[in-house]
Number of protein chains: 2
Amino acid sequence: MPQVPEDVVWLKPGQIAERAGVAVSTLHYYESMGLIRSRRTSGNRREYRRDTLRVLAFIRASQRVGISLDRIKGALDRLPEEGLPTARDWARISREWRDDLNERIEHLTALRDRFSLCIGCGCLSLKSCPYSNPDDILGADGQGALRFP
Amino acid sequence: MPQVPEDVVWLKPGQIAERAGVAVSTLHYYESMGLIRSRRTSGNRREYRRDTLRVLAFIRASQRVGISLDRIKGALDRLPEEGLPTARDWARISREWRDDLNERIEHLTALRDRFSLCIGCGCLSLKSCPYSNPDDILGADGQGALRFP
DNA sequence: CGACTACGTCAAGTCCACTTGATGTCAAGC
DNA sequence: GCTTGACATCAAGTGGACTTGACGTAGTCG
């Protein structure tokens with residue numbers, strides 16, 4: 001039962017920004033995108049829940065591996081509105097992301113290995129190598145989307 | 001001695017564009033960036049050397065793994081102006097790229113593993129997990145650049 | 001009380017990698 | 001010879017992820 005909002009501490013924009021390593025303007029931007037939320041003080045100042053730091057860390061980590069804010073928002077939207085996200089919530093997202101990561105890792109590894117091969121044979125400059133002929137590369141792959149790897 | 005321009009065939013923009021799977025406008029753009037080159041016919045039409053296809057494949061492959069056009073240009077600029085690039089030329093670039101790829105793969109793998117861990121412990125929502133505390137995440141890593149992984 | 005800093009809003013600007021549009025030209029087919 | 005399509009140039013637009021600027025307010029310190 002971690003649904004109980006344990007110790008909800010509210011932090012000011014500057015504090016959040018500094019600890020999360022983002023600009024205050026970025027917080028505004030994320031808020032306008034619906035990625036994070038805030039409440040207001042009587043003087044109209046924003047206040048962020050402490051766990052916003054976690055969300056921001058999650059956003060940065062996801063972005064870092066090339067996931068768009070849109071997709072990140074999609075995942076965050078599926079978290080519960082009220083109460084803290086449960087282990088199950090994060091697990092679902094993590095699994096989703098992990099599959100994505102696995103796919104990317106596979107692509108990168110394949111490409112790296114191809115390049116490694118090329119180091120041995122210099123294929124990109126010689127006709128003899130199967131990878132050197134752009135037509136073959138084109139033909140090897142039905143669609144126009146995935147060209148080289 | 002592959003320096004001898006074997007069979008230099010010149011292709012029209014439309015042909016190059018189709019075979020490489022890019023728009024003609026992209027060719028213009030790349031040319032303006034100095035990534036590819038062309039000569040002109042008497043009627044001011046562009047003509048591309050056949051091996052431009054190889055360069056384009058290389059650009060796409062590199063881009064695909066997140067390398068910017070700027071960096072790609074940097075690599076291409078180090079190829080010889082005249083004659084075909086040698087095996088050694090491509091090898092150098094490939095090695096450079098491969099190191100880059102290895103780094104990215106490491107990041108992704110680390111992130112995935114962290115997420116996998118989270119699936120087990122639900123850390124992102126519980127105080128007990130070392131990864132859950134954003135302050136620790138911040139503290140674990142001197143700079144502001146690398147936040148989560 | 002006054003100064004200063006952090007914060008508020010909103011529009012506009014930036015960077016990258018292109019694409020779109022306007023307008024004019026070259027070349028091949030009938 | 002004329003139409004059609006591919007091509008030329010150049011300016012401007014697009015989209016994602018922010019940042020910057022202009023301008024006004026809130027709260028804190030001496």
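By convention in this document, chain letters (A, B, ...) are assigned in the order of the sequence lines, proteins followed by strands, and residues within each chain are numbered from 1.
Side chains of B:R46 and B:R40 form a contact here, defined as non-hydrogen atoms less than 4.5 Å apart.
Residues meeting the side-chain contact (heavy atoms from CB on, under 4.5 Å) test with B:R39, sequence neighbours left out: B:W10, B:E47. Under the side-chain contact (heavy atoms from CB on, under 4.5 Å) criterion, B:Y30 pairs with B:T26, B:L35, B:I36, B:L56, B:I59, B:Q63, B:L69, sequence neighbours left out. Residues satisfying the side-chain contact (heavy atoms from CB on, under 4.5 Å) criterion with B:S68, sequence neighbours excluded, are B:D70, B:R71. Checked against salt bridge (Lys or Arg N to Asp or Glu O under 4.0 Å), B:R78 has the following partners two or more places apart in sequence or in another chain: B:E96.
Separating the CZ atom in B:R49 from the CG atom in B:L11 is a distance of 11.5 Å, to the nearest 0.5 Å. Here CD of B:Q15 is found 12.0 Å from OG1 of B:T52. Values are rounded to the nearest 0.5 Å. Atom CG of A:L53 sits about 11.0 Å away from atom CD of A:E18, to the nearest 0.5 Å.
Taking atom CD of residue B:Q15 and atom C1' of nucleotide D:dC7, one finds them 13 Å apart after rounding to whole Å. Taking atom CD1 of A:I59 as the reference point, atom C1' of D:dC18 lies 13 Å away to the nearest angstrom. Distance CD (A:E31) to C1' (D:dA17): 17 Å, rounded to an integer number of Å. Protein atom CD1 of A:I36 is 11 Å distant from nucleotide atom P of D:dC18, rounded to whole Å. What separates CZ of A:R46 from P of D:dG27 is a distance of 15 Å, to the nearest Å. Rounded to a whole Å, the CD1 atom of B:I16 is 11 Å from the P atom of D:dC7. Put simply, CG on B:N44 is 14 Å from C1' on C:dA27, counting in whole angstrom units. To the nearest angstrom, C1' of D:dC7 lies 15 Å from CG of B:L11.
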Distances for protein N/O vs nucleotides 10-17 of chain C N/O pairs under 3.5 angstrom?
| from | atom 1 | to | atom 2 | distance (Å) |
| --- | --- | --- | --- | --- |
| C:dA17 | OP1 | B:L69 | N | 3.3 |

Give me the distances for all protein-to-nucleotides 20-25 of chain C N/O pairs that come in under 3.5 Å?
| from | atom 1 | to | atom 2 | distance (Å) |
| --- | --- | --- | --- | --- |
| C:dT25 | O2 | B:R45 | NH2 | 3.1 |

Do any N or O atoms of the protein come closer than 3.5 Å to N or O atoms of nucleotides 28-30 of chain D, and which pairs are they?
none

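Comparing B:A23 and A:E47 along DNA chain C, the residue whose closest nucleotide (by nearest heavy atom) sits nearer the 5' end is A:E47.
Nearest approach of A:A17 to A:A23, heavy atoms of both residues: CB-C, 4.2 Å. Here the closest non-hydrogen pair linking B:A20 and B:R60 is O-CD, 3.8 Å. When every heavy atom of B:Y48 is checked against every heavy atom of B:P13, the shortest pair comes out as CE1-CA, 3.8 Å.
OP1 or OP2 of D:dT9 lies within a sub-4.0 Å distance of a side-chain N or O belonging to B:R40. An OP1 or OP2 oxygen of C:dC26 is reached within less than 4.0 angstrom by no side-chain nitrogen or oxygen of B:T41.
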